[in-house]
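Accompanying notes for the structure given below.
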There are 2 protein chains.
Amino acid sequence: MLNITRKVEYALIALRHMQSKSDNTLTSANEVAKQYGVPRELLAKTLQQMAHHNILEAVQGPTGGYKIVAELDQISLKDFFEKLEGPLGMMDCYFDSDCVQIANCNIRVPIQRINNNMRDMFSQMTLQEVTQ
Amino acid sequence: MLNITRKVEYALIALRHMQSKSDNTLTSANEVAKQYGVPRELLAKTLQQMAHHNILEAVQGPTGGYKIVAELDQISLKDFFEKLEGPLGMMDCYFDSDCVQIANCNIRVPIQRINNNMRDMFSQMTLQEVTQ
DNA sequence: TTATATACGATAAAATTAGTCCTATTTAAT
DNA sequence: ATTAAATAGGACTAATTTTATCGTATATAA
Ligand code: FES
Ligand code: FES
C-alpha cells in the first residue's frame with residue numbers, strides 16, 4: 001500500500017546515476033538498463049517523459065543520450081511524482097469527481113485532510129534531496 | 001499513485017458511521033453496505049479484520065453486528081493502515097528484502113528517507129482525527 | 001551505408017486489487 | 001424445534017492497474 005511505481009523508481013535510479021557523472025556527459029537508456037538491471041524500453045519511456053518535462057535534455061543519434069538540465073533542488077517531489085504519474089492523492093474522487101457515491105459519502109472530507117498532509121509533505125521535499 | 005485501497009476506504013466509512021451513533025448500538029455489515037452503496041461481502045471481511053485487531057467487537061446472531069471498542073485517538077493511521085494492509089512503505093525492498101537488485105541499487109537509501117518521512121507523518125495522525 | 005541512439009504508439013503479460021460465492025456457526029425470535 | 005439474520009472465513013473469479021515488450025519511425029555519428 002502507498003507504493004511508488006516502477007516508473008518513478010527507474011527515474012530516480014537514472015537521475016541518481018546521472019548526478020554521479022560529470023555534467024556534460026550523456027547517459028543512454030542502455031547504460032542505465034544494463035548497470036542496474038532495469039527493463040530498457042520502460043526506462044527509455046520514462047527518460048523521454050522526463051525530457052518532455054524539461055528535467056532532462058535528449059540528444060539523438062549514436063553517442064546520444066540524456067543529461068540533467070533542470071535544477072533538481074527547484075523541483076518538489078510532489079511535482080516530480082505528478083509529472084510522471086499524474087495527480088497525487090489517496091483517492092481519485094477529488095480530481096475527476098465522476099464518483100457516483102459522492103452524494104452519500106461520509107469520508108470525502110477526512111480523506112482530503114490526509115491527502116493535504118501528504119501533498120504538503122511531498123511539496124517540502126525536493127528531488128535533489130532524494131537523488132543527491 | 002499512492003492511493004489507499006477500497007478496504008481501507010470501506011473501513012473508514014464504517015468507523016465514521018459507527019461514531020455517529022450511540023456507543024452501545026450495533027452496526028451490521030448490511031446496514032453500512034446499504035447506506036453507502038458498498039459491496040457487503042468485502043465490507044464484512046474488513047469489519048471482521050478490524051474485530052480481529054480489537055478495533056471493533058463483534059456480536060453474532062440476528063440483531064448482532066459490530067461496535068467500536070478501541071480508543072481511536074490511541075491508534076495511529078500508520079498502525080491502522082498496517083493492520084489492514086500490511087507493512088507501509090513505498091518500496092518492499094526494506095521489508096522482505098529478497099530483492100535481487102539490492103547489491104547494485106543506488107536508491108535504496110534515498111527511498112528509505114522518503115519512506116521514513118511518510119511513516120512519520122502517518123504515525124502522527126490518529127484514526128480519531130480522520131473519523132471524527 | 002551502417003549502427004546506435006531517441007521517439008512513441010500499440011499491445012501483451014503480470015501482478016494486484018476488488019468483488020463474489022459457498023458453507024459453517026451463532027443466536028434471537030417465533 | 002425451526003427459522004431467519006447475523007458473523008466467520010476459505011476459495012475463487014473478475015476487474016483493474018501496473019509492468020513489460022514489440023514494432024516502426026527518425027536522427028545522426030562513424
Ligand atoms: S467514494 Fe467518491 S466521494 Fe467518497
Ligand atoms: S530495487 Fe530493491 S533495493 Fe533498490
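Every chain is numbered from 1 and lettered A, B, ... according to where its sequence line falls, protein lines coming before strand lines. Keep in mind it's a predicted model, so treat the numbers as computed, not measured.
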Inset, instruction - Classify the nucleic acid contact of A:Ala29 as base, sugar-phosphate or nothing, counting any heavy atom under 4.0 Å across all strands shown. - result: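 Sugar-phosphate: the residue A:Ala29, judged by heavy atoms under 4.0 Å, touches backbone atoms but no base.
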Please determine, for the side chain of [X], which listed nucleotide ([options]) has the closest atom?
{"X": "B:Asn30", "options": "D:dG9, C:dA18, D:dA6", "result": "D:dA6"}
{"X": "A:Leu42", "options": "C:dA18, D:dA20, C:dT6", "result": "D:dA20"}
{"X": "B:Ser28", "options": "C:dA7, D:dA6, D:dA8", "result": "D:dA6"}

Legend entry - Contact summary for A:Thr27 and A:Val32, nearest pair of heavy atoms: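 Distance-wise, the nearest heavy atoms are CG2-CG2, 3.5 Å.
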Legend entry - Separation of atom CG in B:Leu26 from atom C1' in C:dT26, rounded to whole Å: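 Atom CG in B:Leu26 sits about 14 Å away from atom C1' in C:dT26.
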Legend entry - Base C:dG19 to side chain B:Lys7, donor-acceptor N/O within 3.5 Å cut-off: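 Answer is no: no donor-acceptor pair is held.
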Legend entry - Sub-4.0 Å heavy-atom contacts from residues 62-72 of chain A onto DNA chain C, ordered by number: A:Pro62, A:Gly65, A:Tyr66
Inset, instruction - Indicate yes or no for a side-chain donor-acceptor contact from B:Arg113 to the backbone of A:Glu129 under 3.5 Å, with no hydrogens or angles considered. - result: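 Looks like yes, one N/O pair under 3.5 Å.
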Inset, instruction - Give a yes or no on whether the backbone of A:Leu26 and the side-chain of A:Lys21 come within a donor-acceptor separation of less than 3.5 Å. - result: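 Checked: pair present.
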Legend entry - Salt bridge present between B:Glu41 and B:Lys45 (N-O < 4.0 angstrom):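 Result for this pair is no, no salt bridge flagged.
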Legend entry - SB check B:Arg40 B:Glu31 (cutoff 4.0 Å):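 Result for this pair is no, no salt bridge flagged.
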Inset, instruction - With DNA chain D as reference, determine whether A:Gln60 or A:Lys45 sits nearer its 5' end, using the nearest nucleotide of each. - result: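 Residue closer to the 5' terminus by nearest nucleotide: A:Lys45.
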Legend entry - Side-chain N,O (A:Tyr10) to OP1/OP2 (D:dA20) below 4.0 Å: yes
Inset, instruction - Answer yes or no: is there a side-chain heavy-atom contact under 4.5 Å between A:Leu42 and A:Tyr10? - result: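 They are in contact (side-chain heavy atoms under 4.5 Å apart), so the answer is yes.
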